[in-house]
Amino acid sequence: MRAAGRSVRTRLRDRVAASDPGLLRLTAGLRTAGAIALTVALLSLLGADVHLLVAGAIAAMVATFAIREKQLGPQALTLAAGLPVALASVSLSAVLSTRPVVGDAFFVVLIFCAVYGRRFGDRGTALGLIGFQVYFLSLFVGATVSGLPELWGAIALAFACSAVLRFAVVPATPASVLMRLRLAFRARLAQLVAAQLDLLDAGADDMDKALEAVREGTARLHETAMMIQGRLEEGTPDESAARLVQRRIADAEIAAERLGLLLLTARSAQRADTLTLHLPGAPAPSVAVPAVPDESTAMLRRDLHALHTLVLRSGDAGTALAHMRNRLLGYRDEENLPAASPAVQDVFRGIGEAARAVLGLRIALDGPQDESDDSPATARSREELDAEEAAIEGGAEESAQEEQTGLRRPTTRAAVQVSVGSSLAILGGELLSTQRWYWAVLTCWIVFINTSSTGEILVKGYRRLLGTVFGVVAGIVLAGLVGNHTWTAFALVLVLIFAMFYTAPLSYTLMSFFVTAMLGLLYTLLHTYSLDVLVLRIEETALGAFCGVVAAALVLPVQTDRRTNELLETVLERLSDVTQAAVGQLSGGPADDLLDKARDLDQALADLRAAVQPLTHPVTPLRSRRDTARYVVALLETCAYHARTLAATAELLPTHPSIAADPRLRGAAGRTVRNIEAIAARVADERADALVETGPSIASLLGSDAGTPRYGRITDRVLRHLERLDEAVVGLARPLGVRVGPPRA
């Protein structure tokens, strides 16, 4: 019974960890709701009226979510600096409340300064956010000069309660967050293996669904790997430890993604295109009949279950688990492969490599383990991992980035745009309501946060309006249910705030829904609730979104096409850098920080993926353009996968016995690099006479002898990834309008 209880708790923990990597959303929701609850409780004990309770609740929320630094020390400094900013903001708002024109002008200046402050990093962003939101708070509760002392006290108490929750009740050090992210990575890795197991067993009618689950699992695993990458520097004791964890995470991610492709190929009537795993909505390839022999299927099913167990129980010990690990690692040796077709044998090899990656991840995260039950294959894998760890050195060089100046700087441009948009929102909002015009300004401000183009602002404004409409309906229902029960309303406000922060990274529409529903309750508490007020909220939201789009389109505009082209050019440059560096090292060149380059490529691709959302949004009227954007991003994801794998393979050269440098690779891959550069030139200048070269396969360019063993000087894996990368790069030419043909004479 006790063991069963532990198993249930473990499964629940893994499920929560996988759904919320690092528990970042849960922490944000608990911390914010807790700070508000503590503030309201203390203010009520002091006999504060409902206006001060609402002001304290909003101030606690702002003081909690505005802080973005990862280290506790910088967080404390920013929180301490934020209090005088908040007090100054609310004081100026109260003083200027009797001078509307001057107050509105100052509000616009404050908005400009708040957005411009983003150029000074997390602290500048936080202080600007606090200044703006507290000014909004004062407008919401109707701050006056005579009521300032009490309002100062409520805000100071709110900041103190926020500090208590942040540093004492719900602390989150970089090391603890990184530890939880590691657990999330293991949980998502296990989920991906389970999805791959379903892919193995899926019938012809279920293949599309099974493939979509594998796609989603692969993307979620990659997302967690990127989150870990962003936390390594602060969450590990030294640079060598950070690079070791980085390497093991990359190995596990690549091995899992490769295993999915090998399984897909084994289930396909023909070799599966790599793009199949990266293009959302792409149909699954036709299933071979029979897909794999029954005996091989049974063995694959058994070993995938074993791999799933190894991932979930990576910190456990025991003879049975050791024997299971030994069997899977044995597939890395040719003589241990079962009799099956080449495609099925590749899957067993993939399982062996995945088991090695899980072993490396276990050692890196949990330390050395008992080796008494190791087989010779496991011992060799441990020796390889130990050699790789010894070869890892710190000292990554920071690349200098060109800093834009003047109005070209994104923060300056955004500050000018949001100031113009807010001015329009103030004018239009005053026409709708002389008392609640600030809702339009708030919406205009919010749609500019974390957006870089007119299209992104349009999509964000649409989502906010949609969430607001549904939130108004929920607010009407909740306000009717709550009536005059103040504490019931506050309890529901806490629930809605928790839901707002928990869902914010997942859906902006959902977040807007919870915000609007919460505001309905706050209006109830302030005895200003009415149906007209909530309808006005919709009108002001629509106006603010419209003003934001107009300002973005007319003032220093950054068109979506221009933004995506800039990011696409960056992705291609990063892809070229990774490919050249990896091929250079595989050809016998000097060592380089290949994994860092690969992660730079991943980050650039993530930025591009976010920027093309306006083009790929379901409501976009340009269907062909949407399909093209999705296709290009999927091809780039395929290129990034192969480049990541080449980089990881190249870093194995000093320690891996089956991989050796081959100088012929540099010349064979030269065409691929030239093609990437040609596409980048065409993206940068549509008038460029770019040509993507076609020709013999990479393998034929190497001139390999027929008698070369499968794992000779150049492994099949390296050749396969180079060829797939070359094919994907050529595939980019058509949708991007680049000519394809033989090399120029």
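Residue numbers count from 1 along this sequence.
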**Request:** Enter the distance from Phe448:CZ to Gln417:CD here, rounded to the nearest 0.5 Å.
**Result:** 5.0 Å
**Request:** Please lay out, stage by stage, how Thr509 and Ser512 fare under the test side chain to side chain donor-acceptor pair (under 3.5 Å).
**Result:** CA-CA 5 Å; Thr509 301; Ser512 301; over 6 Å; no
**Cation-pi, Tyr508 ring and Arg463 (6.0 angstrom, 45 degrees)** = no
**Item:** Option passing ring pair (Phe, Tyr, Trp, His ring centres under 6.0 Å) with Phe136 (candidates Trp437, Trp445, Trp439)
**Value:** Trp439
**Salt-bridge contact Glu212-Arg215 (side-chain N to carboxylate O under 4.0 Å)** = yes
**Message:** Return the CG to CG distance between Leu312 and Leu189, rounded to the nearest 0.5 Å.
**Reply:** 8.5 Å
**Item:** Side-chain (Thr503) to main-chain (Leu506) donor-acceptor, under 3.5 angstrom
**Value:** no
**Message:** Give me the atom names and distance for the closest heavy-atom approach of Thr516 to Val472.
**Reply:** CG2-N, 3.5 Å
**Message:** Run the side-chain contact (heavy atoms from CB on, under 4.5 Å) test on Leu496 and Leu478 for me, step by step, so that the C-alpha distance in whole Å, both residues' side-chain angles and the decisive distance to 0.1 Å come before the verdict.
**Reply:** CA-CA 11 Å; Leu496 292 172; Leu478 290 175; 4.0 Å; yes
**Prompt:** Are the side chains of Pro174 and Gln71 in touch, meaning some heavy atoms are under 4.5 Å apart?
**Reply:** yes
**Request:** Inspect the surroundings of CZ in Phe546 and state if more than 12 heavy atoms from other residues, nucleotides or ligands are less than 6.0 Å away.
**Result:** no
**Prompt:** Is it true that a side-chain atom of Ser89 and a backbone atom of Tyr135 form a donor plus acceptor pair closer than 3.5 Å?
**Reply:** yes
**Test item: side-chain donor near acceptor, Trp152 and Ser91, under 3.5 Å** = yes
**Fill in**
Shortest non-hydrogen pair, Val90 vs Ser138, comes out as CG2-CB, 3.7 Å
**Request:** Could you pull out the closest heavy-atom pair between Ala517 and Ala474, with the gap in Å?
**Result:** CB-CB, 4.1 Å
**Prompt:** When you check the gap from the basic side-chain N to the acidic O, do Arg123 and Glu69 get nearer than 4.0 Å?
**Reply:** yes
**Prompt:** Which residue, Leu554, Val447, Leu458, forms the side chain to side chain contact (heavy atoms under 4.5 Å, CB included) with Val549?
**Reply:** Leu458
**Separation of Leu522 CG from Ile58 CD1 (nearest 0.5 Å)** = 6.0 Å
**Asked** Glu456 and Gln613: side-chain contact (heavy atoms from CB on, under 4.5 Å), yes or no, with the steps?
**Response** CA-CA 7 Å; Glu456 290 179 72; Gln613 283 187 1; over 6 Å; no
**Item:** Which atom of Ala57 lies closest to which atom of Val40, heavy atoms considered
**Value:** CB-CG2, 4.1 Å
**Request:** Decide yes or no for Asp104 and Glu430: does some side-chain heavy atom of the first lie under 4.5 Å from some side-chain heavy atom of the second?
**Result:** yes
**Prompt:** Has the side chain of Thr443 got a donor or acceptor atom that lies under 3.5 Å from a matching backbone atom of Ala440?
**Reply:** no
**Asked** Run the side-chain contact (heavy atoms from CB on, under 4.5 Å) check on Thr468 and Arg537 step by step: do they pass?
**Response** CA-CA 8 Å; Thr468 299; Arg537 160 82 171 154; 3.9 Å; yes
**Asked** Does some side-chain heavy atom of Leu465 sit less than 4.5 Å from a side-chain heavy atom of Ile538?
**Response** yes
**Request:** Report yes if some heavy atom in the side chain of Phe185 is under 4.5 Å from a heavy atom in the side chain of Leu181; otherwise report no.
**Result:** no
**Prompt:** Considering the options Phe106, Phe112, Phe107, which one meets the ring pair (Phe, Tyr, Trp, His ring centres under 6.0 Å) requirement together with Phe132?
**Reply:** Phe107
**Message:** Between Thr125 and Phe120, is there a side-chain heavy-atom distance shorter than 4.5 Å?
**Reply:** no
**Fill in**
Given the options Arg25, Arg180, Arg188, Asp20 meets salt bridge (Lys or Arg N to Asp or Glu O under 4.0 Å) only with Arg25
**Test log, rule side-chain contact (heavy atoms from CB on, under 4.5 Å), inputs Val141 and Leu137** = CA-CA 6 Å; Val141 299; Leu137 175 159; 4.2 Å; yes
**Request:** List the atom of Ala172, the atom of Leu72, and the distance in Å for their closest heavy-atom pair.
**Result:** O-CD2, 4.1 Å
**Complete:** Output for pair (Leu442 CG, Tyr438 OH), nearest 0.5 Å, gives 10.0 Å
**Exam field: side chain Thr27 to backbone Leu24, donor-acceptor pair closer than 3.5 Å** = no
**Request:** Could you grab the distance from atom SG of Cys444 to atom CD1 of Ile111, nearest 0.5 Å is fine?
**Result:** 7.5 Å
**Asked** Do other residues, nucleotides or ligands put more than 12 heavy atoms under 6.0 Å from Glu539 CD?
**Response** yes
**Message:** To check you understand the geometry: which heavy-atom pair defines the closest contact between Phe159 and Leu83, and what is its length?
**Reply:** CE2-N, 3.6 Å
**Message:** Within the structure provided, determine whether Leu165 and Thr32 are in side-chain contact (heavy-atom separation under 4.5 Å).
**Reply:** no
**Sidechain-backbone polar pair: Lys460 side chain, Ala545 backbone, donor-acceptor under 3.5 Å** = no
**Asked** Are any of the side-chain heavy atoms of Thr78 and Asp122 separated by less than 4.5 Å?
**Response** no
**Prompt:** Does the side chain of Met500 come within less than 4.5 Å of Leu510's, by heavy atoms?
**Reply:** no
**Asked** Would Ser419 and Ser422 count as having a side-chain donor-acceptor pair, cut-off 3.5 Å?
**Response** no
**Request:** Drop me the distance from Leu494's CG to Leu30's CG, to the nearest 0.5 angstrom.
**Result:** 11.5 Å
